[in-house]
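Order of the sequence lines sets the chain letters (A, B, ...), proteins ahead of strands, with each chain counted from 1. Heavy-atom basis, side chains included; hydrogens, waters and symmetry copies ignored.
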There are 2 protein chains.
Amino acid sequence: MPRGRPRQFDLDRALDTALLLFWRHGYEGTSLKALTEAIGVNVPSLYSAFGNKEELFAKAVARNLQKPASYLPKALGEPTARRAVEKLFRGAINMTRNSRYPEGCLLVRGALVAGPSSEAICQELSRRRAGAEAAVRRRFERAIAEGDLPAKVDAAPLARYIVTVLWGLSVQAAGGATRAQLKEVVEWALRCWPESE
Amino acid sequence: MPRGRPRQFDLDRALDTALLLFWRHGYEGTSLKALTEAIGVNVPSLYSAFGNKEELFAKAVARNLQKPASYLPKALGEPTARRAVEKLFRGAINMTRNSRYPEGCLLVRGALVAGPSSEAICQELSRRRAGAEAAVRRRFERAIAEGDLPAKVDAAPLARYIVTVLWGLSVQAAGGATRAQLKEVVEWALRCWPESE
DNA sequence: ATTTTATTGTAGCACTCGCTAAACAAATGT
DNA sequence: ACATTTGTTTAGCGAGTGCTACAATAAAAT
């Protein structure tokens, strides 16, 4: 056991409920009062554990990518690019319309825009989205090298298209689109797939 | 001339600068102080002219649809559904990457999520997005009735797919995507067009 | 000239924001 | 027993939030 007084709340549980709040109301829409009340802890305890609101948000984003959004790396592990994208979309819909989570992706809901004081948050999320896009692009580059995708296909624009649909699905989900409706969108989105022509 | 002391600022100009601020920083990220300073007017004048912050936002949204986002009804007036969608995407990119405007669409940037006090704003924007989707759907229904689109095509899912890409483009633009990159996305998005099969 | 009507400027309301200093409490180390 | 370390509690800071009461001002109506 460590030296001083033991912490009276679970760090991971606290981070999970913080994640849910940020996910639902966004960075600016989530107040410290809401956070501390939901976690059941006082403000200084939260600060000594996670730093400040900005750091807490960053850690919540990291946790989001490890747990609820872990479908992305898993999907990209599929043997073919086509199946990877299918699983990617399926995973997105699964997370995006899940009773345990808010509708849509934290990377889109968290802070697409913000006041002058929270611009760093926007940029952080923007980088994360770009990271997801890059991961998809690398998977397509591999698929091209393996002959899985036609050599004439350019990986970067295709990846950008796929994640554009992905972010669009988040907006739709945030607006109340049902799982079936999102599936229909994915069906249309996949009709342009290179192999099918 | 009306009865009392004449207003010393232009209502439309004020609404335009309010629109730009809401557009850039979102509803929650735009403070009354920022609004009044940018417009060059005191708080009570703003309130007597527009009501409160929420009403001002609603009027800014309405103005946005009349001016910067007027490309939507114009695009849907094109003779064929295919050309309508092409013009829709082109108009969206034009607005979304325009030096005069923030990057992306107000309907997505304004308030995708919000704190408990601003949920009405989210719903308002959600309704507006649904309205845009419905307009596209009706255009497709007309196209099907005219034989412009194959009869087996279902208008609603196709419209939902198109606007999903549209909202996705807004997220991409907000993240710094260039005009050329967005055009590449649109190219991919249009490859699934029914006629092309 | 006076009254009426509407906007403007000043000041400040009650409240929330993110955040922190200081005292108290509970564990370990010597 | 005592000091040390660490977390919790209480209380409150300064700044900012949306909003409004009130008096001063500028026009039209009488």
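Checked against salt bridge (charged side-chain N to carboxylate O under 4.0 Å, His left out), A/Glu55 has no partners two or more places apart in sequence or in another chain. With sequence neighbours left out, the salt bridge (charged side-chain N to carboxylate O under 4.0 Å, His left out) criterion links B/Asp10 to no other residue.
Within residues 43-51 of chain A, the residues having any heavy atom under 4.0 Å from DNA chain D are, by residue number, A/Pro44, A/Ser45. Taking every heavy atom of residues 5-24 of chain A and every atom of DNA chain D, pairs under 4.0 Å involve A/Arg5, A/Pro6, A/Arg7, A/Gln8, A/Phe9, by number.
Applying the salt bridge (charged side-chain N to carboxylate O under 4.0 Å, His left out) test to every pair with at least one member in residues 176-187 of chain B, sequence neighbours left out, gives these pairs: A/Arg160-B/Glu184. Residue pairs that meet the side-chain hydrogen bond (donor to acceptor under 3.5 Å, both in side chains) test with at least one member in residues 44-54 of chain A, sequence neighbours left out, do not exist here. Listed by first and then second residue, the ring-ring contact (aromatic ring centres under 6.0 Å, His included) pairs involving residues 109-151 of chain B are B/Phe140-B/Trp193 (not counting sequence neighbours). Among residues at least two apart or in separate chains, there is no side-chain hydrogen bond (donor to acceptor under 3.5 Å, both in side chains) pair with a member in residues 22-38 of chain B. Applying the ring-ring contact (aromatic ring centres under 6.0 Å, His included) test to residues at least two apart or on different chains, none of the pairs has a partner in residues 103-139 of chain B. For the salt bridge (charged side-chain N to carboxylate O under 4.0 Å, His left out) condition, no pair includes a residue of residues 99-120 of chain B, sequence neighbours left out.
A/Thr30 comes within 4.0 angstrom of sugar-phosphate atoms only, judged by non-hydrogen atoms across all strands, and of no base. Using a 4.0 Å heavy-atom cutoff across all strands shown, B/Ser117 reaches no nucleic acid atom at all.
Aromatic ring pairs are classed by plane angle as parallel below 30°, tilted from 30° to 60° and perpendicular above 60°; the pair B/Phe22 and B/Phe57 is perpendicular.
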Which pairs, protein N/O on one side and nucleotides 28-30 of chain C N/O on the other, fall under 3.5 Å?
residue : atom : partner : partner atom : Å
C/dT28  : O4'  : A/Arg3  : O            : 2.9
C/dG29  : O4'  : A/Arg3  : NE           : 3.3
C/dG29  : O4'  : A/Arg3  : NH2          : 2.9

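Partner A/Glu78 forms a salt bridge (Lys or Arg N to Asp or Glu O under 4.0 Å) with one of A/Arg142, A/Arg139, A/Arg90, A/Arg83 and no other, that one being A/Arg83.
The nucleotide range of DNA chain D contacted by chain A, defined by atoms under 4.0 angstrom from heavy atoms of the protein and reported 5' to 3', is D/dT5 to D/dT10.
The backbone N or O of A/Thr178 lies less than 3.5 Å from a partner atom in the side chain of A/Gln181, making a donor-acceptor pair.
The phosphate of C/dG9 has OP1 or OP2 within less than 4.0 Å of a side-chain N or O from B/Asn42.
Relative to the six-membered ring of B/Phe9, B/Arg7 meets both conditions, a distance below 6.0 Å and an angle of at most 45° to the axis.
In this structure, the CG atom of A/Asn52 is 16 Å from the P atom of C/dC17, given to the nearest Å. Atom CG in A/Leu35 sits roughly 10 Å away from atom P in C/dC17 (whole-Å rounding).
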